[in-house]
2 protein chains.
Amino acid sequence: MIDAAGLRVMKAIADAGSFTGAANALGFTQPAISQMVRRLEQRTGTILVERYGRQVRLTEAGEVLARHAVGVLAALDAAEEEISAIAGLRAGRVRLMAFPSSSASLVPKALAILKDRHPDVTIHFTEAEPPESLAALRAGDCDVAVAFAYEGMDLGEIEEDLTALVTHKLLDDEVRLAVPAGHPLATQGVAHMADFSSEEWIAGCPRCRGHLLSLAGHAGFAPNVAFETEDYVAVLGLVRAGLGVALVPDLILRAAKPEHVVALPLEPASRRQILAVTTPDLQRVPAVHAAIGALCEAAGVPVPQVEEPMAPAPV
Amino acid sequence: MIDAAGLRVMKAIADAGSFTGAANALGFTQPAISQMVRRLEQRTGTILVERYGRQVRLTEAGEVLARHAVGVLAALDAAEEEISAIAGLRAGRVRLMAFPSSSASLVPKALAILKDRHPDVTIHFTEAEPPESLAALRAGDCDVAVAFAYEGMDLGEIEEDLTALVTHKLLDDEVRLAVPAGHPLATQGVAHMADFSSEEWIAGCPRCRGHLLSLAGHAGFAPNVAFETEDYVAVLGLVRAGLGVALVPDLILRAAKPEHVVALPLEPASRRQILAVTTPDLQRVPAVHAAIGALCEAAGVPVPQVEEPMAPAPV
DNA sequence: CTCAAGCATAAGCGCCGCTTATGCCCGGAG
DNA sequence: CTCCGGGCATAAGCGGCGCTTATGCTTGAG
């Protein structure tokens, strides 16, 4: 029944003291104000402006509207400013979820870039394995998930469901076979899975274990998994102690630089991709876009030149 | 840039959790909401709603708008309610100015009626002679002026300027000639001004004095004004003491019921009208309209059936 | 008396924004 | 696996809101 435009007009009249003045202040013509007031008056059922001679004065009801206008317009301006701050990265929030081993270097580096570039964007970070992080993404509890996916597998079972999501490839992580330094096959340049069919295996996280099973299956055996732990430091400790062999991503190895452990490249090679995942909508949220940019930058990947999040109302 | 309708939509989406639900809540169709959100998004330059699958969720920016919506819409409702209260006479104010002798009975009676009928309308009452009250009316400091005007004078000098004002005749007040009970002409049924040309005169307020001068001028003499006072009680006291004669409105005489004073009807008769004066605009203010109605009722005059102040937006 | 200033009114119309109709996509059930 | 229902997006259409230009009227000042 009564809208912001009406209040704006009433306030302008109160300030300017005339329809013409209000029109100039608002960038309208005088008849527009005249009609606007009339509309307001018949909508509210009350006379708002007293015309006497060639001057106008607000009636009591008019004063009421002009008074309320101050608060309403201020609140509207505040809302606009807050939105504009989010759009301009002077505010906003991005909720990031990354799997544990990515927290080692990639994510901290990216978050440092983001924080440096947009200090007023608040960052929420949670560690989570891909299944959970993607679920959170779908549930609306997360804006960007740093996940990984094993590539080249013709068995689709361990691939995450990425439908309706948008991914950015951050890193290609080669999976190596970690063996104790004294292992008989440690001096070979490469490792063929079939050669390790009788070893005892140490499995990582559930998905990594799936990957192990898949690779071994391809090589024609079912691995004897003697140990399971999600902590790669523990995995490497077990390998060093000669308790088994394990598939370990190169990124982990580079970060941990384990001694007395040899990491053999697999033949054929197996990689996993490290991805930044979000939804098409969230990607257009400025803070999310900036976060993905920072992740790409930290990974040394060209920043996706997604079209500007949105044209900010061309003047 | 952002208006109340937009906020209302965002809030409805937040509450309903879906576009369809919001549309039903607001009485729109679903595409209307869909387009509204899109408009808002391109206006603000930020994505406000995250569409995932067949559910929608507000983004951070969307939440901001929905949050601000509460306050803004509440303020708008408050303004509407306040206006509606004024229109419905559950609030409002009327500023009345009346000349002193009208305060004796007419105005108190009218204000009692008004207060009884609309207890929540606040009344401001100021005593003022017609020139001041009408000036206040023109200046916007008064809503209703109770004034008087002498009628039948062909000299326009004492008539008030009533252009651009609207008047309601309340009472016809006959002007009588007050003489001491023992006066030689006191036993005549009527008085002719010319017979009192050699009397000493007692004049009332400046305008009444003007009226006296006018009547005397018509009768062919200039009155010898020996006393001047604005207080009619004093006037009557002076008359009773035999210090002079005076023109006194019948209303005063009826209220004062002075003893030892004879009030002779003039021949030809002279009357003054007691009027309720306002402006065409103010007359449509509900409280003002009610006040004038109460004045007419108190005066025993049919209440002016002015068209309803305004059609309150026919549903 | 004339002129400038200011509001009201009329006519015109551009465009905003709602509706109807339809398509597409997702998710659940048989 | 396929069907179906629910929900959002899109297209087309158009009614009407609300602004502009043009003009008249009233007022107050010189």
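Any value given below was found using the heavy atoms of this structure, including those in side chains, with hydrogens, waters and symmetry copies removed. Within every chain, numbering begins at 1; the chains are lettered A, B, ... in the order of the sequence lines, protein sequences first and strands thereafter. All of these numbers come straight from a predicted model, not from anything done at the bench.
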**Item:** Sequence neighbours excluded - side chain to side chain donor-acceptor pair (under 3.5 Å) pairs with any residue from residues 9-25 of chain B
**Value:** B/Lys11-B/Asp15
**Complete:** When rounded to whole Å, the CG to P distance for the pair B/Leu40 and C/dC18 reads 11 Å
**Asked** Looking at residues 58-68 of chain A, who's got a heavy atom less than 4.0 Å off DNA chain D?
**Response** none
**Message:** Whether A/Glu82 and B/Arg67 form a salt bridge (side-chain N of Lys/Arg under 4.0 Å from carboxylate O of Asp/Glu) is what I want to check.
**Reply:** yes
**Prompt:** Rounded to the Å, how far apart are B/Leu165 CG and D/dT27 P?
**Reply:** 11 Å
**Item:** Short side-chain donor-acceptor distance under 3.5 Å, B/Tyr52 and B/Arg57
**Value:** no
**Message:** If the cut-off is 4.0 Å, is B/Arg51 near the phosphate of C/dC25, judged by side-chain N/O to OP1 or OP2?
**Reply:** no
Name each donor-acceptor pair under 3.5 Å that joins a side chain in residues 28-35 of chain A to protein atoms two or more places apart or in another chain, with its distance.
none

**Request:** Could I get the full list of side-chain contact (heavy atoms from CB on, under 4.5 Å) partners for B/Glu132, not counting sequence neighbours?
**Result:** B/Ala128, B/Glu129
**Fill in**
Separation of C/dC7 atom C1' from A/Asn24 atom CG, nearest Å, is 14 Å
**Request:** Nearest whole angstrom, please: distance from the P of D/dC8 to the CG of B/Leu48.
**Result:** 16 Å
**Contacts of B/Ala290 that satisfy side-chain contact (heavy atoms from CB on, under 4.5 Å) - sequence neighbours left out** = B/Leu89, B/Leu114, B/His118
**Request:** Send over the distance from B/Phe19 CZ to C/dG17 C1', rounded to a whole Å.
**Result:** 16 Å
**Message:** With a 4.0 Å cutoff (strictly under), does any side-chain N or O of B/Ser18 reach OP1 or OP2 of D/dG6?
**Reply:** no
**Request:** Would you kindly compare A/Asp3 and A/Gln55 by the position of their nearest DNA chain D nucleotide and give the one closer to the 5′ end?
**Result:** A/Asp3
**Prompt:** Hey, does the side chain of A/Arg38 come within less than 4.0 Å of C/dT9's phosphate (OP1/OP2), counting only N and O?
**Reply:** yes
**Item:** Smallest separation among heavy atoms of A/Ala66 and A/Met10, with atom names
**Value:** CB-O, 4.1 Å
**Prompt:** For B/Ile47 and D/dA9, what is the distance between atoms CD1 and P respectively, to the nearest whole Å?
**Reply:** 10 Å
**Prompt:** So, is B/Ser34 close to the D/dA9 phosphate, meaning a side-chain N or O under 4.0 Å from OP1 or OP2?
**Reply:** yes
**Complete:** When rounded to the nearest 0.5 Å, the distance separating CD1 of A/Ile83 from NE2 of B/His68 is 8.5 Å
**Fill in**
Rounded to whole Å, the CZ-P distance (B/Arg43 to C/dC16) equals 9 Å
**Asked** Thinking salt bridges, do A/Arg90 and A/Glu81 make one under a 4.0 Å N-O criterion?
**Response** yes
**Request:** Sugar-phosphate atoms are those with a prime plus P, OP1 and OP2; base atoms are the rest. Using that split, label each nucleotide of nucleotides 19-26 of chain D B, S or - for protein heavy atoms under 4.0 Å, 5' to 3'.
**Result:** BBBB----
